[in-house]
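It should be emphasised that the depicted structure is a prediction, and the values quoted were computed from it without experimental measurement.
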Amino acid sequence: SMTPALPALGQAAPEQALTVTLPTASFDTSVPIATVIIQPLTTTNIDPLLNYVGFQGDFTYDSAVVGFATPQVQGSDLTGSNWNVSSNILNTGPGTLKTLRISAFSLDFTPLNGSGTLFNLRMLRVSNTAGDTSPLVWKPSPDYFFFIDADLGSHVPDQNNGLITITGQQPTPSPTATATATATAT
C-alpha cells in the first residue's frame, strides 16, 4: 500500500480556507439611474504571510438589470493604498449577459492583510422594473477568481456568487396622462 508522502522541510503549509463574496443587495427604483451605487466585494481574513500581491477573476451580470460606472471598480480597505484595481467589461453573452474582468496588483508588493472589503464595485441600476434580478456569478475555470502570490503562484479561494434585486413601487396605470397623481375628494 502507498504511504502518503510527508511534506519536505520548508514546504508551505496547507492553505487556509479563504472565501471571496460578490454583493447581494437591492437597488430601489427611487435611486436615479445615473447614481453610482457602491457595493463591496468582500473576503474572509487573509494572512499577510500568504504574500498575496495580486488577484484577478471574471463574473457575469445581466446588463439589462445592472451596469457599471467608469471606472467599474475602485480600491478600498484592503486595496485602498498602493494598489491598482482595474477591470474591463466583456460582451460575452448569451443575450444581455456581460462579464466584468477584474485585475489588481500591489504597487509596492505589500501583501493583502485582513478581512472585509477587498475592493468596491461602482454599480448602476439599469432596470426600472421591481422584481428584476441580476445574479452576479463567478466564471468557471480558467476564468474564476484567484489570488496571486509574490512568486506568481495562483491560489483559488472559495467563491460566493451575489444577487442584485430591483425593488420599488410600480407605477399605477392612469386612464389619462398626468404629471402627478392627484387626490379626488369624494
[X] and [Y]: side-chain donor and acceptor closer than 3.5 Å?
X	Y	answer
T29	N128	no
T99	D58	no
T21	N160	yes

Quick one, [X] and [Y] - any side-chain contact, counting heavy atoms below 4.5 Å?
X	Y	answer
P157	T19	no
N120	Q39	no
L41	L22	yes
R125	V66	no
I148	F146	yes
F27	T165	no

Are [X] and [Y] joined in one hydrophobic group, where the rule is that I, L, V, M, F, W and Y side chains link up if heavy atoms are under 4.5 Å apart?
X	Y	value
V53	L18	no
M123	V31	yes
F68	L97	no

Check against side-chain contact (heavy atoms from CB on, under 4.5 Å), K98 and L90: CA-CA 6 Å; K98 292 187 178 180; L90 310 174; over 6 Å; no
Residue pairs, two or more places apart or on separate chains, that pass salt bridge (charged side-chain N to carboxylate O under 4.0 Å, His left out) and touch residues 128-152: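 Qualifying pairs, neighbours excluded: R101-D143.
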How many angstroms lie between atom [atom1] of [X] and atom [atom2] of [Y], to the nearest 0.5 angstrom?
X	Y	atom1	atom2	value
S87	I102	OG	CD1	7.0 Å
L163	L136	CG	CG	7.0 Å
F145	Q159	CZ	CD	7.5 Å
Q74	F119	CD	CZ	10.5 Å
Q72	N88	CD	CG	7.0 Å
I46	T44	CD1	OG1	7.0 Å

Show the nearest heavy-atom pair for residues G168 and A130, with the distance to one decimal.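 Residues G168 and A130, closest heavy atoms: O-CB, 3.3 Å.
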Check: residues 105-118 side-chain donor-acceptor pairs under 3.5 Å, at least two apart:
{"residue": "S106", "atom": "OG", "partner": "D108", "partner atom": "OD1", "Å": "3.1"}
{"residue": "S106", "atom": "OG", "partner": "F109", "partner atom": "N", "Å": "3.0"}
{"residue": "S106", "atom": "OG", "partner": "T110", "partner atom": "N", "Å": "3.0"}
{"residue": "S106", "atom": "OG", "partner": "T110", "partner atom": "O", "Å": "3.1"}
{"residue": "D108", "atom": "OD1", "partner": "T110", "partner atom": "N", "Å": "3.0"}
{"residue": "D108", "atom": "OD1", "partner": "T110", "partner atom": "OG1", "Å": "2.9"}
{"residue": "D108", "atom": "OD2", "partner": "N82", "partner atom": "ND2", "Å": "3.3"}
{"residue": "D108", "atom": "OD2", "partner": "T110", "partner atom": "OG1", "Å": "3.3"}

Give me the ring orientation class for F55 and F147: parallel if the planes are under 30° apart, tilted from 30 to 60°, perpendicular past 60°.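 Perpendicular: the ring planes of F55 and F147 meet at over 60°.
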For W138 and Y144, I'd like to know if the aromatic rings sit close, meaning centre-to-centre distance below 6.0 Å.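 Here the rings of Y144 and W138 have centres that are no less than 6.0 Å from each other.
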Excluding sequence neighbours, so at least two apart, what forms side-chain contact (heavy atoms from CB on, under 4.5 Å) with L49?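 side-chain contact (heavy atoms from CB on, under 4.5 Å) list for L49, sorted by chain: D47.
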Between Y52 and H155, is the ring-ring contact (aromatic ring centres under 6.0 Å, His included) condition met? List the steps. CA-CA 9 Å; Y52 291 167; H155 306 273; 5.0 Å; yes
Let me see the working for V36 and L124 under side-chain contact (heavy atoms from CB on, under 4.5 Å), right down to the final yes or no. CA-CA 5 Å; V36 176; L124 298 167; 4.2 Å; yes
Among V126, T96, I166, T129, the one residue meeting side-chain contact (heavy atoms from CB on, under 4.5 Å) with V65: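 One option only clears the test, and that one is I166.
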As a quick check of understanding, evaluate side-chain contact (heavy atoms from CB on, under 4.5 Å) for I164 and D62, giving each step before the final call. CA-CA 10 Å; I164 305 299; D62 186 342; over 6 Å; no
